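In what follows, every chain begins at residue 1, and chains take the letters A, B, ... in the order their sequences are listed. What you see is a predicted model; the values in this text were computed from it and never measured.
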Protein chains: 2
Amino acid sequence: MNTVKVKKKVTIKDVADHANASTSTVSMVINNKGYVSDEKRKDILHSIKKLGYVPSASARNLASNRTNNIGFILRESHFTLSEPFYTRIFLGAEFESKKHNYYVLLATISDTYKKEEDTPRLLKERNVDGIIIAGKVSGELLEEVEESGIPFVLVDYQYKSFPYISVDNRNASLEAVRYLLSKGHTEISFLGADPYHPSISERLEGFQLGMLKAGYSDTSNLVFLDEDDSPTLQTGYNLGAKLFKSGKKPTAVFCANDAMAIGFMKYAEQHKIKIPEEVAVVGFDDVEGAKFSSPPLTTIRVFKEQFGELALRYLTEILNDTGKDLSSKYERGNHMLTVPTELIVREST
Amino acid sequence: MNTVKVKKKVTIKDVADHANASTSTVSMVINNKGYVSDEKRKDILHSIKKLGYVPSASARNLASNRTNNIGFILRESHFTLSEPFYTRIFLGAEFESKKHNYYVLLATISDTYKKEEDTPRLLKERNVDGIIIAGKVSGELLEEVEESGIPFVLVDYQYKSFPYISVDNRNASLEAVRYLLSKGHTEISFLGADPYHPSISERLEGFQLGMLKAGYSDTSNLVFLDEDDSPTLQTGYNLGAKLFKSGKKPTAVFCANDAMAIGFMKYAEQHKIKIPEEVAVVGFDDVEGAKFSSPPLTTIRVFKEQFGELALRYLTEILNDTGKDLSSKYERGNHMLTVPTELIVREST
DNA sequence: TAAATTTATCGAAGCGCTTCGATAAAACAA
DNA sequence: TTGTTTTATCGAAGCGCTTCGATAAATTTA
């Protein structure tokens, strides 16, 4: 015997009966479709409230062949990074998703992505209406996603001519360089790694452009790149060593990201090079640690939550576009958006 | 005309036909239920693979009245905290969820939770089979969740006799105190805030117990509490001021968490109090910033991902328990688990 | 005023599964 | 042997929705 009172689930049928309507009419009211008289609509809405009716997600998904889910794909290592950059992008997307009535399903993938084997569950099960892919991921995965036919946008990464959203790296870097120049610096070095990553290369371009505009036409001996490694604290440290051992005496260093900047400052500290007195340092990203580094790091803030928000909004736009201007949007090549940045001046400059 | 080739979705019917079976038999194979001969099972599995069949989540959820989702409820501010403590717990849960074939839906709630109004969508829509609630949240919400009848566990928080998982705060604090004592410290202060939070009070108890065991029976003038505020960087700073202005000269300070410890160190730095020479500092949590503070902070590491993992595992256990030993589990009061910790010694001690 | 169109409502089919009998063969007991 | 239980398989109902006609009244157009 079961003595527990189980609240019987209120279905669309109950609402229909209560409002003297058919389930189809109720459905139309819920979905704002078709023709329903104001009167009936009012009745139905009233019944819905009265009965506390909430549509069953599974049922409507099954019937309408949607899922009401958005997938968010991210590399595992991008999560386990000490810096929650992508995490915050995810949060931004999650936050925005509420407004559009989607749930966001997170899927982390390994760095050594193998097609088939590591395919995210939400892709295999086609349990999403659209997908946001954040950060650099395997091309295989991207091809797989494209093949699936599920609409998607990339965030903070580019690949082929897939739609993407990115930081305005070039302009932000330009601004950083301008700032350093305005502070009277003349010998400015750029430290970077993984120059094949679009974001990095754009930052480098911004740097070069800024220097060029200031009359430094040849920046080649100012640029230090670790081509084989990613832009981490360690590579920043290493390039710091390389830089000083090369005999160069820059008065300022612009790093491809904060991690490298912090690594660089670590090297400087260990070698009694005073920051900012002897050399000013500027990073990129404004990670958590930037505020707490010693000295606190001047850097370019990226609005991470906004980043995610924008991604979700862009995706829903694609999903709702009934094919009409969407195709033209794609074809015109403006399938790209940028997120604004802001130079945050702290004590490292 | 639509010339795009749309791969027709493979359904259970297709598999059944292909394997010369009925859909019910296929279903049984998929769900590992009922009686199916080895032969037929083999055929069916083969057909599934051959056709690339993947069951539709919506359909099976509708039919079986499950959702295959786990809700993860978290306060907004716990996400926007500069420290991704709960974020990493979430990740741990998400990671573990794959093994159990659940999707994790994140729901953030505002700090000023209002029943009805702010009820997470996943609760309203009953779109989850179970719920993980992380961190301190409004009692109203907890009551609401309980009322919903959806199984849930609390993480890093306690309320009434609801099942929960927490850090072994007491023992960890005890260990920290022991460590400080072993380093020869005698005058050890405790800095805390929000002492009504179970975690904080447990940490304080651990501290007191440790001191007691070492012969310091009266710790009351060693404890500095900000009763009205939460344990933030700012309160750590404030209590630092209060501590030194009180004329006390502790040789070591144990803070209720890292944020406070870092705030305290900030005060110390500004007032030329040398750490660890003049006063050693120990925190709790091992947040990202702890490694980068100056000096790097000795602290108690909490395994956040493991925390989330455990929560999810615990919840699925509850979900799978068909009521049998579950009830006894509840009634016996052992509806509680703890996550291990580790003392991380850095340069602040 | 008749024909065409728009508005309003509903019944029923169907989305892709699970699960409940029904049926019957095989295995075991008496 | 007969009766009982276990094993195997299937058909059909049903989960709670959406959506496609069908139908008809109200409105517009010719």
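- Annotation: side chain of B:I109 is in contact with side chain of B:V137 (closest heavy-atom distance under 4.5 Å).
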Protein N or O to nucleotides 4-7 of chain C N or O, pairs below 3.5 Å:
residue	atom	partner	partner atom	Å
C:dT7	OP2	A:Y35	OH	2.8

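- Residues from residues 15-22 of chain B lying near DNA chain D, meaning a heavy-atom separation below 4.0 Å, are B:N20, B:A21, B:S22 in numerical order.
- If you look at B:F162 and B:F152, their ring centroids are closer than 6.0 Å.
- Side chain of B:T119 to main chain of B:K115: no donor-acceptor pair is present (N/O by atom type, distance under 3.5 Å, no hydrogens or angles).
- Within the structure, ring-ring contact (aromatic ring centres under 6.0 Å, His included) contacts touching residues 52-73 of chain B (residues at least two apart or in different chains) are B:F72-B:F90.
- Using cut-offs of 30° and 60° for the angle between ring planes, the B:H46 and B:H18 rings count as tilted.
- Taking the side chain as every heavy atom from C-beta outward, A:K42 and A:E39 never approach each other to under 4.5 Å.
- As a whole-Å value, the separation of B:E39 CD from C:dA25 P is 17 Å.
- Cation-pi geometry between B:R121 and A:Y103 is met: under 6.0 angstrom from the ring centre, within 45 degrees of the axis.
- Inter-residue side-chain proximity for B:I133 and B:Y164 is flagged as unmet; no heavy-atom pair is nearer than 4.5 Å.
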- Query: Going 5' to 3' along nucleotides 12-23 of chain D, which nucleotides have protein heavy atoms under 4.0 Å from the base (write B), which only from the sugar-phosphate (write S), and which from neither (write -)?
  - Reply: --BBBBBB----
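- To the nearest angstrom, C1' of D:dT7 lies 16 Å from CG of B:N32.
- With sequence neighbours excluded, no residue forms a ring-ring contact (aromatic ring centres under 6.0 Å, His included) with A:F303.
- The 12-atom threshold is exceeded at NZ of A:K99, counting heavy atoms of other residues, nucleotides or ligands nearer than 6.0 Å.
- Between the side chain of B:R126 and the main chain of B:T67, no donor-acceptor pair closer than 3.5 Å is present.
- For the helix from C:dT1-D:dA30 to C:dA30-D:dT1, the angle separating the two terminal helix axes comes to 30°, with each axis derived from five pairs and the value rounded to 10°.
- Taking the side chain as every heavy atom from C-beta outward, A:E146 and A:K160 never approach each other to under 4.5 Å.
- Atom-to-atom distance recorded for B:L106:CG and B:T87:OG1 is 8.5 Å, nearest 0.5 angstrom.
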